[in-house]
Amino acid sequence: MQNHKKQDSISVNIISEQNEVKPAAQKPSGNAGKDPFCVYDHKRHAVGSIIVNEDGTQSVCCEDGSWRNK
């Protein structure tokens with residue numbers, strides 16, 4: 001588990017309805033201290049991360065830190 005310090009590495013993730021988090025890339029895409037991110041389930045996710053809901057709709061992490069329907 002990450003220690004959630006301000007300088008944690010963040011990456012673009014795909015999150016399923018069962019809260020399964022799969023990285024979209026092999027290496028981290030940013031740093032929580034200087035890059036924008038969104039919070040889901042008390043974890044930080046880089047801009048571009050996607051939540052896939054049970055009904056098939058998707059939400060994407062935006063640069064302002066919000067999740068918006070895709």
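Keep in mind it's a predicted model, so treat the numbers as computed, not measured.
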Legend entry - Which atom of Ser29 lies closest to which atom of Ser11, heavy atoms considered: OG-CA, 3.5 Å
Inset, instruction - For residues 19-32, pull every pair meeting salt bridge (Lys or Arg N to Asp or Glu O under 4.0 Å), keeping only residues two or more places apart or in separate chains. - result: none
Inset, instruction - May I ask whether Val39 and Ile10 are part of the same hydrophobic cluster, defined by side-chain heavy atoms of I, L, V, M, F, W, Y residues being less than 4.5 angstrom apart, directly or through others? - result: yes
Inset, instruction - May I ask you to decide if Ile15's main-chain N or O and Asn13's side chain share a donor-acceptor pair within less than 3.5 Å? - result: no
Inset, instruction - Could you tell me whether the SG atom of Cys61 lies less than 2.5 angstrom from the SG atom of Cys38? - result: yes
Legend entry - Shared hydrophobic cluster, Val60 / Val52 (ILVMFWY, side-chain heavy atoms < 4.5 Å): yes
Inset, instruction - Check Asn53 against Gln58 and note the closest heavy-atom contact, atom names and distance. - result: ND2-N, 4.3 Å
Legend entry - Name of the residue among Pro23, Ser49, Pro28 meeting side chain to side chain contact (heavy atoms under 4.5 Å, CB included) with Val12: Ser49
Legend entry - Sequence neighbours excluded - salt bridge (Lys or Arg N to Asp or Glu O under 4.0 Å) pairs with any residue from residues 61-70: Asp64-Arg68
Inset, instruction - Kindly give the heavy-atom pair with the smallest separation between Asn19 and Tyr40, and that separation in Å. - result: OD1-OH, 3.0 Å
Legend entry - Side chain Asn31, main chain Gly33, donor-acceptor under 3.5 Å: yes
Legend entry - Rounded distance [0.5 Å steps], CZ in Arg44 versus OG in Ser9: 11.0 Å
